[in-house]
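Input: a single structure, listed below in structure tokens.
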Amino acid sequence: MSGTKLYEGKAKILFTTDDPDILLSRYKDDATAFNALKKGTIANKGEVNCAIASHIFQYLETKGIATHFIKQISPNEMQVAAVQILPIEVVVRNIAAGSICKRLGIEQGQPLKQPLVEFFYKNDELGDPLITDAHVAMLDLATPEQVDQLKQLALSINQHLKAFFDHCNLILVDFKVEIGVNSSGKLLLADEISPDTCRLWDKAIADPTARILDKDRFRQDLGNVAEAYQEVLKRVLEAQAALI
């Protein structure tokens, strides 16, 4: 049973439980884009993303990636370890898409020579600006040791996610993760891994619009958003069954 509401974000609500070290994360159908300037809903998104994230968290745990996931307890709820989220969004890019194309004039869809890790300051009022290691230190957002750990963890997650999504016949273009610190000071992958937080392209489709199976369908008004999310879940379940 959920207790007191601790926090409500754009995609999830966190509740206390009887155990102070365990929280309940409830996934919502709400959809937002462009720092919540665009709002809407995606049918069954909460249940679909909760299922996708549950399976991917469990997969990453088998690869040695520590996560906040404990167990899924309902179609749109999971128990997670209580963590203090670092105010840094960690983005890993394998192919140029989205904001990096606008910032650096890179052509959309251009493969990067190596995975690129970027930090963004989690601050809605400022629009989540891109920040450097020096900014992280200046704002005291994380220790130098944590910054190094974030980069290593992000690249390790990327390596395993790319392999997993390859089994799903999906290209992992880029993704965003949030990292939390537990009561022992350990960094844990938190938040979620889903079409909300990843750009995923169908490997079998060349058309730059038709291949999109992620939140860009909502951002760009491409239609069939719920169907795209459902397709990702279907492939995740098939890939996980094949990999076990």
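Note that the numbering runs from 1 along the sequence shown for the chain.
- Using a 4.5 Å heavy-atom cutoff, the side chains of Arg235 and Asn169 are in contact.
- Residues Leu6 and Thr4 form no side-chain contact, since every pair of their non-hydrogen atoms from C-beta on lies 4.5 Å or further apart.
- Here Asp214 contributes atom CG and Cys198 contributes atom SG; the two are 8.5 Å apart, rounded to the nearest 0.5 Å.
- Looking at Ser194, its side chain never comes within 3.5 Å of a backbone N or O of Ala53 through a donor-acceptor pair.
- Counting only distance, with no hydrogens or angles, the side chain of Arg93 and the backbone of Leu116 share no donor-acceptor pair below 3.5 Å.
- Side chain of Asp30 to backbone of Ala11: no donor-acceptor contact under 3.5 angstrom is found.
- Hydrophobic clustering of Ile, Leu, Val, Met, Phe, Trp and Tyr side chains at less than 4.5 Å, counting indirect connections, unites Ile52 with Leu161.
- The cluster map of Ile, Leu, Val, Met, Phe, Trp and Tyr, joined by side-chain heavy atoms under 4.5 Å apart, puts Ile205 and Leu213 in different clusters.
- Using a 4.5 Å heavy-atom threshold, the side chains of Val83 and Val181 count as separate.
- Summarising the geometry, atom CD belonging to Gln84 is positioned 11.5 Å from atom CG belonging to Asn182; distances are rounded to the nearest 0.5 Å.
- Annotation for Leu130 and Glu118: closest pair CD1-CB, 3.9 Å, computed over non-hydrogen atoms.
- Annotation: side chain of Leu141 is not in contact with side chain of Leu86 (no heavy-atom distance under 4.5 Å).
- Atom CG of Leu112 sits about 6.0 Å away from atom CD1 of Ile100, to the nearest 0.5 Å.
- Cation-pi contact between Lys5 and Phe15: absent, since separation from the ring centre below 6.0 Å together with deviation from the ring axis within 45° is not met.
- Closest approach of Cys101 and Ile106 over heavy atoms only: CB-O, 3.2 Å.
- Closest heavy-atom contact between Ala82 and Pro20: CB-O, 3.7 Å.
- Looking at Asn123 and Asp128, their side chains never bring a donor and an acceptor atom within 3.5 Å of each other.
- When Glu77, Glu178, Glu192 are each tested for a salt bridge (Lys or Arg N to Asp or Glu O under 4.0 Å) with Lys12, only one passes: Glu192.
- Side-chain N or O atoms of Gln79 include none that pairs as donor or acceptor with a backbone N or O of Ile22 at under 3.5 Å.
- Side-chain atoms of Phe164 and Lys63, non-hydrogen and from C-beta on, never get closer than 4.5 Å to each other.
- Distance NE2/His160 to CG/Leu60: 7.5 Å, rounded to 0.5 Å.
- With hydrogens and angles left out, the side-chain atoms of Tyr229 and Asn44 include no donor and acceptor closer than 3.5 Å.
- Hydrophobic clustering places Val236 together with Ile42 (ILVMFWY residues linked when any side-chain heavy atoms are closer than 4.5 Å, directly or through intermediates).
- Not a single donor-acceptor pair under 3.5 Å links the side chain of Glu227 to the backbone N or O of Gln230.
- A continuous path of hydrophobic side-chain contacts links Ile157 to Tyr59 [ILVMFWY only; heavy atoms under 4.5 Å].
- The nearest pair of heavy atoms linking Phe69 to Ser54 is CE1-OG, 3.5 Å.
- Ion pair Asp191/Lys122 not flagged as a salt bridge, since none of the NZ, NE, NH1 or NH2 atoms sits closer than 4.0 Å to an Asp/Glu carboxylate oxygen.
- Between the side chain of Asp216 and the backbone N or O of Arg219, no donor-acceptor pair lies under 3.5 Å.
- In this structure a side-chain-to-backbone donor-acceptor pair under 3.5 Å is present from Asp29 to Lys45.
- Between Val117 and Leu155, the closest side-chain pair of non-hydrogen atoms falls below 4.5 Å.
- The number of heavy-atom neighbours closer than 6.0 Å to NZ of Lys28, taken from other residues, nucleotides and ligands shown, is above 12.
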Inset, instruction - Would you please test Asn158 and Leu172 for side-chain contact (heavy atoms from CB on, under 4.5 Å) and show each step? - result: CA-CA 9 Å; Asn158 183 54; Leu172 179 62; 3.7 Å; yes
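- Although no hydrogens or angles enter the test, the distance criterion places a donor-acceptor pair under 3.5 Å between the side chain of Gln146 and the main chain of Thr143.
- Nearest approach of Cys168 to Ala239, heavy atoms of both residues: SG-CB, 3.5 Å.
- Pairing each heavy atom of Val136 with each of Phe119, the nearest pair is CG2-CD1, 4.0 Å.
- Taking 4.5 Å as the limit, some side-chain heavy atom of Ile65 sits within range of a side-chain heavy atom of Leu153.
- Linking ILVMFWY side-chain heavy atoms closer than 4.5 Å, directly or via other members, places Ile85 and Val92 in two distinct hydrophobic clusters.
- Once rounded to the nearest 0.5 Å, the distance linking CD of Gln149 with NZ of Lys186 reads 10.5 Å.
- The six-membered or imidazole ring of His68 lies near that of Phe57, with a centre-to-centre distance under 6.0 Å.
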Inset, instruction - Kindly indicate, with the supporting measurements, whether the criterion side-chain contact (heavy atoms from CB on, under 4.5 Å) is fulfilled by Ile13 and Tyr7. - result: CA-CA 6 Å; Ile13 308 173; Tyr7 168 81; over 6 Å; no
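- Checking side-chain atoms of Glu89 against main-chain N and O of Tyr121 turns up no donor-acceptor pair under 3.5 Å.
- With hydrogens and angles ignored, the 3.5 Å screen pairs a side-chain donor or acceptor of Lys38 with a backbone N or O of Phe218.
- Atom CG of Leu200 and atom CD1 of Ile171 lie 10.0 Å apart (nearest 0.5 Å).
- Environment of NZ in Lys203: crowded, with over 12 heavy atoms of neighbouring residues, nucleotides or ligands closer than 6.0 Å.
- A 4.5 Å side-chain heavy-atom check between Asn94 and Lys162 finds at least one atom pair inside the cut-off.
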